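One structure is given here, and the rest of the page talks about it.
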Amino acid sequence: MAEVNGHASQSASTERIQIVDDEKTFTSELTGQIERWGLRDSGFNYNIVAVFGSQSTGKSTLLNRLFGTTFDVMDETRRQQTTKGIWMCRGRDMGVMVMDVEGTDGRERGEDQDFERKSALFSLASSEVLIVNMWEHQVGLYQGANMSLLKTVFEVNLGLFGKKQMDGGRTLLLFVIRDHIGQTPLANLQATLVADLNRIWDTLSKPDDLKDRKLSDYFDLAFTALPHKILVPEKFELAVLSLRKRFTDKSNPDYLFKSAYHKRIPADGVAFYMQNIWEQVQSNKDLDLPTQQELLAQFRCDEISAGALAEFNEQAKSQKRPVESGRVVEGLGELMKNWRTRALTRYDRDASRYHKGVYTRKRADLVSVIDSTLSPLFLGQLKNLHKLAVVAFKQDLLNGLKGDNYDFAEVVTKATKKCEETFSTGAKEALVEGTDWNWEDELEVIKEEIRGVADQCRKDETKKMINQIERNVKKIISEPVEIQLSKPSSEMWDSVLTTFKETLAKAEATYLAKAKSFNCTEQENVTSLAALRKRSWIVLRNKIEEQTADQVLLGKLRAHFEEQFRYDDQGVPRVWKPEDDIDGAFKKAKEETLELVPLYSRIKPLDSSLEFVLEDDASDDLANEEFEFSSSLVVLSETKCLDLINKFRRDADAYYVEAKRSTVSSIAQIPYWMYGVLVVLGWNEAMAVLFNPLYFTFLLFGVATAYMIIQLGLTGPLLQVTKSVAGEVQKQATQKLREVLTADAAAPQPTQTDRTSTSRQSSRQSSYFDEDSEIELKERVQ
């Protein structure tokens with residue numbers, strides 16, 4: 001039951017009432033409704049807010065979002081009026097009475113502006129805060145922003161309530177700019193609206209005793225913007241929530257319901273107070289319809305304006321597509337001037353004889369419509385000129401930077417001047433006199449854009465220059481460093497660093513000479529030089545790593561050991577003899593070579609002035625690789641040093657064993673006297689061969705054959721063929737013997753005579769096997 005009562009109470013608190021219907025009748029039920037809302041005994045602890053604006057601009061939706069009201073909202077698929085007359089509802093959980101006013105400029109009422117004026121004046125006089133709801137594109141328009149209606153309302157309000165408002169009770173005009181896309185800052189929109197309001201205030205017909213009064217004497221102005229409700233709904237909801245806090249949070253510095261705006265009417269007297277205001281508004285003759293003369297002037301001036309505008313639109317349409325397609329139309333400014341002049345001349349000729357005020361007002365409206373039609377063409381021409389100028393600037397910049405001999409600053413200056421002149425000339429031609437258009441802002445945007453392009457190009461050229469200098473550094477230091485590391489000594493690193501510093505000094509001088517034409521700042525030069533030093537050091541370090549790779553460094557160690565061990569002090573190769581001290585020479589050469597490993601392990605010169613220092617945290621936009629200078633000084637880690645030492649020792653031991661074998665072979669050689677014995681014992685056989693014609697012929701044939709085989713390089717192939725034939729013969733013989741043995745095993749048992757015969761045969765086969773085994777053994781030995 002309590003839940004039902006709570007629901008009913010909540011429903012009553014958000015119930016809405018139509019206080020003025022579309023027949024301009026004020027309701028008699030407002031007092032009872034205020035009591036049902038629970039505000040009758042609130043005293044001064046309440047607030048009144050109203051909304052004003054064109055039809056279908058989302059006024060009801062905005063109020064529902066801000067105050068939790070239940071006003072009817074428009075069906076977006078049917079653009080029609082939803083709020084008729086003036087409605088009121090209490091804000092949810094708030095002591096606020098919210099008025100939703102019928103929109104202005106609705107097609108349902110057509111040209112009947114009587115209710116628009118009266119409802120606007122009523123809202124202005126009775127509310128503390130009047131929300132003026134408008135689209136962003138309406139800012140700056142006279143009719144679209146309801147400036148003409150505001151002018152009438154201000155004028156009548158000043159006559160009816162001006163003196164009372166001076167005694168107290170100001171009103172806040174809160175301009176809510178809808179569908180704000182952000183291209184035009186809110187401050188600029190605010191300045192436009194303030195200027196328009198002050199302008200119409202200055203043109204008001206004020207009472208004599210209020211002629212010196214200003215807009216700020218009666219109204220405070222506030223401005224806010226809301227994003228597009230459909231395109232960016234999340235941002236719209238956040239902006240509405242932020243605006244709601246300005247109505248609910250009294251601690252907010254931008255709190256809107258200030259005490260200065262309160263009408264000081266107790267809540268139980270609000271209904272009578274508002275009814276009295278409506279009666280004064282209804283009876284005021286200044287809000288009546290215009291005279292018949294003015295009506296005729298309005299009708300004819302609108303008709304003449306429409307004819308002039310139709311002709312103008314037909315002419316302007318011809319250039320709309322080319323401009324929208326991105327093409328710069330030659331002579332567009334002259335064309336627009338002619339169209340504008342022709343339309344205004346036609347209007348002036350036919351409409352100037354009607355009511356002067358109407359004629360002047362309608363002419364201003366026509367000028368506004370013409371200028372609003374020409375403005376997109378002008379802005380599109382500026383946009384196309386912008387693109388054309390920037391593209392030409394980039395092309396001029398690229399053309400000027402071709403080749404090696406160019407002054408970067410001069411190229412940028414020439415391209416910038418040409419770009420600005422191209423845009424300025426086209427923009428001045430497109431400007432139409434009598435408008436408030438300007439092209440200087442677009443020129444500033446172009447200047448900023450080409451500065452960005454030039455800065456990026458300068459960075460690219462600087463990077464390219466440093467890359468080229470880096471390649472030159474690599475080319476210059478490559479051979480000297482390789483030579484110096486190939487001759488290990490205690491002064492090896494001194495020589496390497498001396499070469500590196502000389503090369504780096506030349507590289508820095510080259511950079512500074514070229515950087516002068518780039519207009520680089522001191523900070524940019526410092527950064528680029530730091531990057532150059534870092535990358536040059538990395539080049540050196542990579543070369544050192546290349547020369548200290550495992551196999552390369554082992555080769556250097558072996559070469560040094562071999563030079564010390566296998567060659568004497570005069571560089572003559574040693575022929576080891578049994579009496580030579582091989583062990584001492586081996587030990588000395590190995591120890592001297594092992595001393596080179598610690599020398600290669602770290603870049604450390606003997607002369608401390610040659611040490612190279614590089615900051616680890618030096619900024620380097622051109623080289624992004626991770627780098628730590630202190631770690632780069634270590635060439636070989638302890639683990640790698642031990643691994644190299646072990647590998648070298650194995651290689652050195654091989655040289656030692658080889659040397660020992662050479663002494664053993666010299667000791668084990670055949671005594672010289674044996675050659676004499678061989679000559680004496682073989683003399684007769686040699687003579688027999690030499691003096692026997694047959695043997696001698698065979699000897700010559702064999703020598704000639706051997707000579708031809710050696711000359712033709714057939715020694716290897718002949719040996720291979722011989723070995724293959726011998727192997728095949730052996731294979732076939734083995735197979736045949738196996739077949740014979742298999743057949744013997746399958747034969748019947750022999751007699752005694754057969755056994756004797758078989759025994760003899762087996763002895764012969766055994767001798768064959770012995771001969772085959774002997775042949776195979778000889779071949780293996782050979």
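For reference, positions follow the sequence shown, starting with 1. Everything numeric here is computed off the predicted structure, so don't read it as measured data.
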Have [X] and [Y] got a donor and an acceptor in their side chains that come within less than 3.5 Å?
X: Asp371; Y: Thr435; result: no
X: Asn47; Y: Tyr261; result: no
X: Thr373; Y: Lys320; result: no

Kindly give the heavy-atom pair with the smallest separation between [X] and [Y], and that separation in Å.
X: Ile19; Y: Phe122; result: CD1-CE2, 4.1 Å
X: Leu215; Y: Leu221; result: CD2-CD1, 4.3 Å
X: Ile131; Y: Leu62; result: CG2-CD2, 4.3 Å
X: Ser123; Y: Ala50; result: CB-CB, 4.0 Å
X: Gly58; Y: Arg178; result: O-NH1, 3.1 Å
X: Pro227; Y: Val232; result: CB-CG2, 3.7 Å

Which value, rounded to the nearest 0.5 Å, describes the distance between [X] atom [atom1] and [Y] atom [atom2]?
X: Phe175; Y: Asn133; atom1: CZ; atom2: CG; value: 11.5 Å
X: Ile277; Y: Gln282; atom1: CD1; atom2: CD; value: 13.5 Å
X: Gln18; Y: Thr27; atom1: CD; atom2: OG1; value: 8.5 Å
X: Ile48; Y: Glu128; atom1: CD1; atom2: CD; value: 6.0 Å
X: Gln33; Y: Met88; atom1: CD; atom2: CE; value: 10.0 Å
X: Lys24; Y: Ile86; atom1: NZ; atom2: CD1; value: 11.5 Å

Would you call the rings of [X] and [Y] parallel, tilted or perpendicular if under 30° counts as parallel and over 60° as perpendicular?
X: Tyr218; Y: Trp201; result: tilted
X: Phe67; Y: Phe247; result: perpendicular
X: His137; Y: Trp135; result: parallel

### Task
Given side chain to side chain contact (heavy atoms under 4.5 Å, CB included), test Val432 with Phe378 step by step and report yes or no.
CA-CA 9 Å; Val432 177; Phe378 173 73; over 6 Å; no

### Message
For Pro185, give me all partners under side-chain contact (heavy atoms from CB on, under 4.5 Å), at least two apart in sequence or on another chain.
### Response
Asn188

Main chain of [Y], side chain of [X]: is a donor-acceptor contact present, judged purely on distance under 3.5 Å?
X: Trp37; Y: Glu15; value: yes
X: Asn198; Y: Val194; value: yes
X: Arg244; Y: Leu66; value: yes
X: Arg16; Y: Trp87; value: no
X: Asp179; Y: Glu136; value: no
X: Thr25; Y: Asp21; value: no
X: Ser372; Y: Val369; value: yes

Do [X] and [Y] come close enough that some side-chain heavy atom pair is under 4.5 Å?
X: Ile177; Y: Leu193; answer: yes
X: Asp249; Y: Tyr255; answer: no
X: Ile181; Y: His228; answer: no
X: Asp41; Y: Asp268; answer: no
X: Phe52; Y: Leu173; answer: no
X: Thr171; Y: Lys263; answer: yes
X: Phe423; Y: Leu382; answer: yes
X: Lys229; Y: Arg65; answer: yes

In plain terms, say whether [X] and [Y] are close enough for a salt bridge, that is, a side-chain N and a carboxylate O under 4.0 Å apart.
X: Asp100; Y: Lys59; answer: no
X: Glu444; Y: Lys447; answer: yes
X: Asp196; Y: Arg199; answer: yes

### Task
Using the side chain to side chain contact (heavy atoms under 4.5 Å, CB included) rule, take Trp439 and Leu385 through it: C-alpha gap first, then chi angles, then the decisive distance, then the call.
CA-CA 11 Å; Trp439 50 269; Leu385 284 169; over 6 Å; no

### Query
Under the side chain to side chain contact (heavy atoms under 4.5 Å, CB included) criterion, do Ile446 and Glu420 qualify, and how do the steps go?
CA-CA 8 Å; Ile446 290 179; Glu420 293 177 1; 5.6 Å; no

Are more than 12 heavy atoms from other residues, nucleotides or ligands located less than 6.0 Å from atom [atom1] of [X]?
X: Phe44; atom1: CZ; value: yes
X: Glu29; atom1: CD; value: no
X: Asp212; atom1: CG; value: no
X: Glu440; atom1: CD; value: yes

#### Entry: Centroid separation Tyr46 to His262 less than 6.0 Å
yes

### Query
Could you go step by step and tell me if Leu172 and Lys258 meet the side chain to side chain contact (heavy atoms under 4.5 Å, CB included) rule?
CA-CA 9 Å; Leu172 174 65; Lys258 297 180 180 178; over 6 Å; no

